[in-house]
Number of protein chains: 2
Amino acid sequence: MPELSERKKQILANVVEMYIKSGEPVGSKGLISSSGMNCSSATVRNEMNELDQMGYLVQPHTSAGRIPSEKGYRYYVDNLMPRRDVDEFTKRMIDAGIAPAAGDPEKLVNRARELLADITKCAAVSTAPVGELNIIRKIELVPVGMHTAMMVLLTSNGILKSRLCRIESDFNVTILEQFYNIVESFFIGKPSGEISPAEIQTIAASVESNYFVMLPLLAAVSDLSGSTNDSKLILGGGANLLSRKDYGDKAIPLLEFLNKKEPLSEVIRSSKDDLSIRIGSENLFKQLEDSSVVVSKYSVKGDNSGSISVIGPTRMDYESVISSMRYLSDLLGRLITSALEE
Amino acid sequence: MPELSERKKQILANVVEMYIKSGEPVGSKGLISSSGMNCSSATVRNEMNELDQMGYLVQPHTSAGRIPSEKGYRYYVDNLMPRRDVDEFTKRMIDAGIAPAAGDPEKLVNRARELLADITKCAAVSTAPVGELNIIRKIELVPVGMHTAMMVLLTSNGILKSRLCRIESDFNVTILEQFYNIVESFFIGKPSGEISPAEIQTIAASVESNYFVMLPLLAAVSDLSGSTNDSKLILGGGANLLSRKDYGDKAIPLLEFLNKKEPLSEVIRSSKDDLSIRIGSENLFKQLEDSSVVVSKYSVKGDNSGSISVIGPTRMDYESVISSMRYLSDLLGRLITSALEE
DNA sequence: AATTGGCACTCGATATGCCAGAGTGCTAAA
DNA sequence: TTTAGCACTCTGGCATATCGAGTGCCAATT
């Protein structure tokens, strides 16, 4: 990380901020006029030239203004960006928006994602609380007819999944008792992701009677516990990227990329820190070369367990995005934690 | 409905089909070459001219080929379009795609919608089974901690909704009994849409003891029963419209329109027939003037109760869209019906 | 009377050339 | 080291010319 002169820093910061605001390459003249620097445009030109050669700025064409390179954004984010608190308006929007979802972890996450997409005008991704903590806490089977029952599964992080299932014979106390015994001894307390089909087979094989009744029930458990993980990752506000003129018609392939679960999951998961920022090609995926990804983790009961993310053009307003995300993920973690308290 | 000569019908049908395939205006020469008509281009030109004046065809500009007008599309779907069965490939895709969701009404609807969007490359909308039939069948409250319980609500059409709720005092048998009494006397058997906040107030007021415990529980019931209706309408595959070059940058306002629940619901609901097709400005909403909407109802237990719809450019492939929808909605109705059988 | 070949015409799409403006790099002076 | 000045470059917009697909119409043919 080479050190830059004070003036170079000032110029770089101004270029980044002006470009983020306007979307137009910024020239030497425009820069001094709207940044109040007390030197002439020629001086700025010289400095810009050096910043250019050092790789912090680039010119779209020979005779246009400068725009930040990825290295420029990186330097800005790491060293120059002010770390303000979220502005009052956004804060109110978040508080008001998330309030109706209080008490329900899944709703909270969904609401947070929607808010984030609205506020940043970018795509937003949420992952549900997960981790070693996400263990199966309760499985209930409520008969609703002679041959049908609804099964409900709850994990320790408050994810609730339910579905109907049918069995061939009638429901009766014996069957329910048998089922609850199996649940008690094999499922409760286990991480929900670890219920593999193979394991279901094993358990089913150990059933002594009513095999053909238990099998569909066990399959339903497997399905439900799997789905607590499946839907961990949700993308919202993808349409926001379309209105952004930054991506011309590149928006469509990008959206297609984001709509695939696996690579998106990879992108989110590869972030280690509480707050991680990947700019352009730092993202490894070719499809994200013009985009930046900001991932902020939230913690439930003191454990890092889920995340909210923003995906947008490299030209996104990092400062406001990041301040909003810090506030929102902190709030989200606290609200989920309190929803789970007993 | 004026009668057209055989040859005019043939020409109109060919123009529609060629335009649907290519997206380019079709000229007299191209038409005879790829339709095998045994007359000259000049003859076709004369006929086209008449079709033009009758309002079935339009020219984008004076010296381009013809494209169908709305009236042209309308005549085509009413009188000229072949009514083929769904093709084998699509059929397999549907069968294979929907199989994993069998047994769960909500999943079935979601899966059907996703399949429809994939197959047609258009936006797809689903509405869950609803109607007088959609009554509350069961409400369960399962304690999961001292102060929290999960509440699960099931309607007669198989919609299952759940959420966590907290109360201030401890759960005990008395409270559960009281709650189930209220449920039994006020909720079971009622249409889920008819639980208004006002009604909740009235019921709460009639509670003799434990008022502050019952209130949040009743609120949760209201929330859940409301949400069985809220999420009736789901849009999927909106991104498909973007890849369609038909809408240039008109795709964005269209998507914004489709993302609003109320007008979209209006659009879907205004269809009476089992299968309804609205072309362009037949849709009343200005935002849909370049789009067609096809709505196909599916029936559960013999009653018309939900629908799947396709929204795409007026230039959509009506024949294949409609054959797929007929097959899919029939299948969907049957699968949901059998999932609900006991 | 219907069909057809021929022809002039229209108009979008594409390519070309030109101009203005914004911004640069460089040089020489302060 | 900074600044003013100047020549240069490149984009974007605009007008113009050209090309070609497709039409409408007319006269000739069946």
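Chain naming here is simple, since letters A, B, ... match the order of the sequence lines and numbering starts at 1 in each.
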_What is the distance, to the nearest angstrom, from the CE atom on A:Met48 to the P atom on C:dG25?_
9 Å

*Check the distance between C:dT24's P and A:Leu57's CG and give it to me in whole angstrom.*
10 Å

*Within 6.0 angstrom of A:Lys9 NZ, more than 12 heavy atoms from elsewhere*: yes

*asked:* Please determine whether a side-chain nitrogen or oxygen atom of A:Arg66 lies at a distance below 4.0 Å from atom OP1 or OP2 of C:dT24.
replied: yes

_Is it the case that the ring center of A:Tyr73 lies less than 6.0 angstrom away from the ring center of A:Tyr318?_
yes

*Whole-Å distance separating the CD1 atom of B:Ile32 from the P atom of C:dT4*: 9 Å

_Regarding A:Thr127 and A:Ser307, do their side chains bring together a donor and an acceptor under 3.5 Å, going by distance alone?_
yes

_Exam field: side chain A:Asp87 to backbone A:Thr90, donor-acceptor pair closer than 3.5 Å_ = yes

*Any donor and acceptor pair, going by atom type alone, linking the side chain of B:Asp52 with main-chain N or O of B:Met48 inside 3.5 Å?*
no

*asked:* Whether B:Thr62 contacts C:dG12 is assessed here as follows: a side-chain N or O lying under 4.0 Å from the phosphate OP1 or OP2. Is that the case?
replied: no

*Would you mind reading off the distance between A:Glu50 atom CD and C:dC26 atom C1', rounded to a whole angstrom?*
14 Å

*Could you check whether the rings of B:Tyr56 and B:Tyr75 sit parallel, tilted or perpendicular, using 30° and 60° as the cut-offs?*
perpendicular

*Figure out the CG/P separation between A:Asp52 and C:dG23, and round it to whole Å.*
15 Å

_What is the separation between atom CD on B:Gln59 and atom P on C:dC11, rounded to the nearest whole Å?_
11 Å

*Backbone N/O of A:Gly280 and side chain of A:Asn283: donor-acceptor pair under 3.5 Å*: yes

*Interatomic distance, A:Leu31 CG vs C:dA22 P [rounded to whole Å]*: 17 Å

Protein N or O to nucleotides 1-5 of chain D N or O, pairs below 3.5 Å:
unit_1	atom_1	unit_2	atom_2	d
D:dT2	OP1	A:Arg7	NH1	3.3
D:dT2	OP2	A:Arg7	NH2	3.1
D:dT3	OP2	A:Ser40	N	3.0
D:dT3	OP2	A:Thr43	OG1	2.4
D:dG5	O6	A:Arg45	NH2	3.2

*Between C:dT24, D:dG20, D:dT9, spot the one nearest the side chain of B:Ser63, thanks.*
D:dG20

*asked:* Expressed as a whole number of angstroms, how long is the span from A:Asn49:CG to C:dT24:C1'?
replied: 9 Å

